[in-house]
Each structure stands twice: as C-alpha cells, then as structure tokens.
Amino acid sequence: MPEQSPFDLTEGDPFGPHTLPYGVFSTADAPGLRRLGVRYGRHVLDLGALPDALPDVVPAAHAALLAADTLNPLLAAGRPVWQEVHAAVRTALTDPAHRTTVAPLLRPLDDVTLHLPFDVADYVDFYSSEHHATNVGRIFRPDDAALPPNWKHLPIGYHGRAGTVVVSGTPVVRPHGQRKAPADAAPVFGPSTRLDIEAEVGFVVGTPSTLHAPVGLDAFRTHVFGVCLVNDWSARDIQAWEYVPLGPFLGKSFATSVSAWITPLDAFDAARTAPPARDVPPLPYLDDTAAEPGGLDLRIEVRLNGEVLSRPPFAAMYWTAAQQLAHLTVNGASLRTGDLYASGTVSGPEPDQLGCLLELTRGKGPYLQDGDEVTLTAWAPGPDGVRIGLGEVTGRVLPALEDPAGAPA
Ligand SMILES: O=C(O)/C=C/C(=O)CC(=O)CC(=O)O
Ligand SMILES: [Ca+2]
Ligand SMILES: [Mg+2]
C-alpha cells in the first residue's frame, strides 16, 4: 500500500481543517526541545519552523511567539493575532501550493511526546451542572435541599491548585489524607479509598484583564483562547471530611489532568446552542438572554479501562463559560494569561450521562482501583457535518506511596 500523504485525511477525521488545535511537543532526537504544534489528522505541524518555511504566509512579526516552548506568548498576543496565526496555519495545511514546503514540518503523532501546552496561572473549578449538583447534594447532604439556595443565582466555584495541573498521560498517584466517616470516633490517615474522576471541560484564558475591570459576557471571546478536556480527580473520602465550610481542598489538589490539545474557541461556532431555560432570572451581569447562545454542544465519553462508562452532554450545563468568566471577574479580580477555569462535572439527566463515579454508583462505589485507566474524549458538531475533536485526557492510577507523611526518624 502506498504511504498515505499527511495531507489526505481519513474521511470523518475530527482533526481536519476546521479543528486545528494547539499543543506543545518534543521528538526523540531532541527530547529537551519543546515546540509548538498544531494537530492535523494523525500529524503535528511544527509551528516554530513555519515562519521560515513560509514567509509569505506567516507574518514575520509572529515568529517569536511561534518559536516559544509554551503557548503562553501566543495566548497573551490577543485575539487578532490568534486569528492571523490560525489563518496562516490553515493556508499552510490546505493550499496544495505549499505541500512540498510544509510536508517536512509534519511529524507523525505517534513519533512525538506531548507536554502540558501552557503554563497554568490560576485554576478555578465551577459546579455548573444542575444534574451533578443535585445528585451530589443528595449524596453528601441528604438532610438538606439538593441545591444550595445560591446555586441558581451564581455559578459556584472554588480556586484550585494550578501547580498540579498535569497533561494527559501523566499517572496519578493515589493520594493520602485524612478521612472520617460519620460513624467513626476519630479521623484516620491513609491512602484514599474513594478515588474518583470528574469529567469536565476547561477554558483557557489568553488575553489578560486589568484589576477592577470586570469582564462582561460580551468580552468572553476577547479573553478566552480555547477549550480543553479536564479530569478533576477527586478523593471523595478526603473531600467529605475536609470540605466544611470552605469547600474542596486536598481532596482535589493532588492532580488535575488536561488534554494536550487546546482547540480555539472559534472552532465551536457550529456547536453553539442555547443553554437550558433558567427558572430563576439571573442578575444583569449574568443575564445572557440577549447574548449569542452560550451553550456548547460537546459530546463527552468517559471510558474506564476501555469500557464506556457514560456520555455526559455538555449542552446540558446550566451556567455557560461566558457567565462563569463574568462571575469570576465581577468583583474586579483580574485575569492572567494561562488562567484555566473548568466547567464543573458534566452530568446529564440520564443514568448513562453522569460525569463521576460518585453519581454513577450513587455514592456506594466501587471507586478507582490501582492500575485503572480513565480516558475522556469529546467531539462537537462542526460546519457541514464535520466533527471537531477535542482529543483526550487520560490517566492511570498508581498505588499510593508508602507512608509519605510518616513520623520523622
Ligand atoms: O457539593 C459538594 O460538596 C462537592 C461537589 C464536588 O465535588 C464538585 C466539584 O468539584 C465541582 C464540580 O466538578 O462540579
Ligand atoms: Ca470538579
Ligand atoms: Mg482536581
């Protein structure tokens, strides 16, 4: 069989010219050298080499951004530059006149190592699925109303730990911590026995904002560069004991996995959809009734050791990413390039649409075992019936370390 050209994508490939996600890669011949890349089919375009190869297509002014070893300089450059770079990449990959020049810059995906694509500044996690919040409320707080009284007035969130955001493929060591079941007399310390996943979608901030200048709903596209997949690993036993009254802490800060590819926001224009009807009118800064549809029709799939566990529908999220950003900054807090905020666990109304094991097993387990591998994938409808792939976020659970907090010798 003749070798297939990297430009001839398989029919229905979700990484065609309408997707073009950005990442960071290295190759075996220079493992210490990280380079920006764009995924095209089963190949990665070496972005750093593009300005020299195609000076008439890529503005020379962008050469330094593209030669960086992380996406942050490109993220910081702002939306007009994102659009210029995108247009140049698309031309490079789709105009047959450039094939001979571009072909040597395409590396087979199987030959590269993918890295965390951006330096994460702040990390925030929301709680914006009504189905998830209702289910978790019933399990964690059976004597209270399932949704707290503030839930339909603001997108609840908490600040997570940016330094432990890891790229897809990074193993996750089972964390140690304190836990105490209601019937226990005292807490015990040890490896989590209720390690869980949370299937989420992440939004990556490019353009920073200034202190005291809230980012309104209409400025979402100015600031948000793109979308990734997130697995917010959660130790339910640690979480249940520690979270009152300040919220999640060590039960979630040990690792948060993100996909290696960040897909530009504009790739999801055909996937925009109206969010569910809000039965409580939001305050003006969150009122999106006059705005462009803020929901996104992303179809997520959760697999445990290869077997499909559920298919959470992102279109069912109550609060949108634009509302989350407006809320995140309404007190005057500023955004930094590389801020990551995640949607919160995505769950739909059906039993096979739940985004975590806590819900899938109604709080009874089983939870993750050592050696288990969890993979989230997703796609969205694109123009003309094509699929926009979000890649995957995968991670395997490694056994807990031996007594990491043992008494000093
Ligand atoms: O309701 C709670 O006490 C806790 C909920 C979560 O663990 C969810 C969380 O991290 C936010 C989310 O992913 O929706
Ligand atoms: Ca979460
Ligand atoms: Mg986490």
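Please read these numbers as outputs of a predicted model, since none were measured by experiment.
Applying the side-chain contact (heavy atoms from CB on, under 4.5 Å) test between V204 and each of Y341, F118, Y22 identifies F118 as the sole match. Each of D8, D13, D110 was scored for a salt bridge (Lys or Arg N to Asp or Glu O under 4.0 Å) with R42, with one residue passing: D110.
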Show, in sequence, the C-alpha distance, side-chain angles and deciding distance for Y318 and H131, and conclude whether the side-chain hydrogen bond (donor to acceptor under 3.5 Å, both in side chains) test is met.
CA-CA 9 Å; Y318 189 90; H131 307 289; over 6 Å; no

Go through the steps to decide whether W233 and T256 satisfy the test side-chain hydrogen bond (donor to acceptor under 3.5 Å, both in side chains), and finish with yes or no.
CA-CA 6 Å; W233 305 90; T256 306; over 6 Å; no

Between R278 and D288, is a salt bridge (Lys or Arg N to Asp or Glu O under 4.0 Å) present by the stated rule, with each step listed?
CA-CA 10 Å; R278 278 58 173 267; D288 63 356; 2.7 Å; yes

Candidate pair E373 and N305, rule side-chain hydrogen bond (donor to acceptor under 3.5 Å, both in side chains), full reasoning:
CA-CA 5 Å; E373 186 177 61; N305 301 325; over 6 Å; no

Checking side chain to side chain contact (heavy atoms under 4.5 Å, CB included) for the pair E200/D125: CA distance, chi angles, key distance, verdict?
CA-CA 9 Å; E200 306 197 21; D125 190 22; 2.6 Å; yes

Working for ring pair (Phe, Tyr, Trp, His ring centres under 6.0 Å), residues F189 and H176
CA-CA 7 Å; F189 180 82; H176 275 69; 5.4 Å; yes

Does the pair T375 and V393 meet the rule for a side chain to side chain contact (heavy atoms under 4.5 Å, CB included), with working shown?
CA-CA 6 Å; T375 303; V393 59; over 6 Å; no

Between R179 and E242, does a salt bridge (Lys or Arg N to Asp or Glu O under 4.0 Å) hold up when you go through it step by step?
CA-CA 8 Å; R179 60 175 181 273; E242 75 176 359; over 6 Å; no

Using salt bridge (Lys or Arg N to Asp or Glu O under 4.0 Å), reason through D232 and K252 one step at a time and then give a plain yes or no.
CA-CA 7 Å; D232 178 24; K252 287 168 182 284; 3.4 Å; yes

Apply side-chain hydrogen bond (donor to acceptor under 3.5 Å, both in side chains) to residues D196 and Y367 and explain how you reach the verdict.
CA-CA 6 Å; D196 199 354; Y367 291 93; 5.4 Å; no

I'd like to know whether E292 forms a salt bridge (Lys or Arg N to Asp or Glu O under 4.0 Å) with R221, so could you lay out the CA-CA distance, the side-chain angles of the two residues, the decisive distance to 0.1 Å, and finally the verdict.
CA-CA 11 Å; E292 64 175 342; R221 280 183 193 258; 3.1 Å; yes

Going through the checks in order, is the side chain to side chain contact (heavy atoms under 4.5 Å, CB included) test met by T94 and F7?
CA-CA 8 Å; T94 57; F7 299 99; over 6 Å; no

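Atom-to-atom distance recorded for L250:CG and S192:OG is 12.0 Å, nearest 0.5 angstrom. For the atom pair CD (E392) and SG (C228), the distance works out to 13.5 Å, reported to the nearest 0.5 Å. Considering CG of L390 and CG of L229, their distance stands at 5.0 Å, rounded to 0.5 Å. Note that CG of D266 and CZ of F225 are 9.5 Å apart. Values are rounded to the nearest 0.5 Å. Taken to the nearest 0.5 Å, the CG atom of L304 stands 7.0 Å off from the CG atom of L357. Taken to the nearest 0.5 Å, the OH atom of Y40 stands 4.5 Å off from the CG atom of L9.
Around atom CZ of R303, more than 12 heavy atoms belonging to other residues, nucleotides or ligands sit under 6.0 Å away. Atom OH of Y243 is surrounded by more than 12 heavy atoms from other residues, nucleotides or ligands within 6.0 Å. Within 6.0 Å of the CZ atom in R174, the count of heavy atoms belonging to other residues, nucleotides or ligands exceeds 12. R141 CZ: more than 12 foreign heavy atoms inside a 6.0 Å radius. The 12-atom threshold is exceeded at CG of N331, counting heavy atoms of other residues, nucleotides or ligands nearer than 6.0 Å.
Of all the heavy atoms in P117 and A260, the pair that sits closest is CG-O, 3.5 Å. For the pair G294 and R272, the tightest heavy-atom approach, listed with the atom from each and the gap, is CA-NH1, 4.0 Å. For L328 against A333, the heavy-atom pair with the smallest separation is O-CB, 3.8 Å.
With hydrogens and angles disregarded, no donor-acceptor distance shorter than 3.5 Å links the side chain of T273 to the backbone of G295. The closest donor-acceptor contact from the side chain of T320 to the backbone of Q323 lies under 3.5 Å. Side chain of T394 to backbone of G169: no donor-acceptor contact under 3.5 angstrom is found. Put simply, the side chain of S257 never gets that close to the backbone of V167: no donor and acceptor are under 3.5 Å apart. A side-chain donor-acceptor contact under 3.5 Å links R39 to the backbone of G41. Side-chain atoms of H223 come within 3.5 Å of backbone N or O of T207 as a donor-acceptor pair. Remark: the backbone N or O of Q369 is paired with a side-chain donor or acceptor of D372 at under 3.5 angstrom. In this structure, T170 contributes its side chain and V166 its backbone to no donor-acceptor pair below 3.5 Å. Using a distance-only test at 3.5 Å, with no hydrogens or angles considered, no donor-acceptor pair links the side chain of S234 to the main chain of R236. Under a 3.5 Å cut-off, the side chain of W151 and the backbone N or O of Y127 do form a donor-acceptor pair.
Contact check for H62 versus V81: side-chain heavy atoms found under the 4.5 Å cut-off. L325 has its side chain out of reach of F203: every pair of non-hydrogen atoms, C-beta onward, lies at least 4.5 Å apart. For the pair L106/L93, a side-chain contact is recorded, criterion being any heavy-atom separation below 4.5 Å from C-beta on. Annotation: side chain of D297 is not in contact with side chain of F314 (no heavy-atom distance under 4.5 Å). Inter-residue side-chain proximity for L265 and W82 is flagged as unmet; no heavy-atom pair is nearer than 4.5 Å. Annotation: side chain of V124 is not in contact with side chain of L340 (no heavy-atom distance under 4.5 Å). Between L36 and V24, the closest side-chain pair of non-hydrogen atoms falls below 4.5 Å. A 4.5 Å side-chain heavy-atom check between S347 and Q353 finds every atom pair outside the cut-off.
Between R35 and D69 there is no salt bridge, since no side-chain N of the basic residue sits under 4.0 Å from a carboxylate O of the acidic one. The residues E350 and R311 are annotated as not salt-bridged, no charged nitrogen and carboxylate oxygen being separated by less than 4.0 angstrom.
Side chain to side chain, W241 and Q178 meet the donor-acceptor criterion of an N or O pair below 3.5 Å. Checked by atom type, the side-chain pair T337/N72 shows no donor-acceptor distance below 3.5 Å.
Because its NZ or CZ atom is both nearer than 6.0 Å to the ring centre of W379 and within 45° of the ring axis, R387 counts as a cation-pi partner of that residue.
For H115 and F25, the ring centers sit 6.0 Å or farther from each other.
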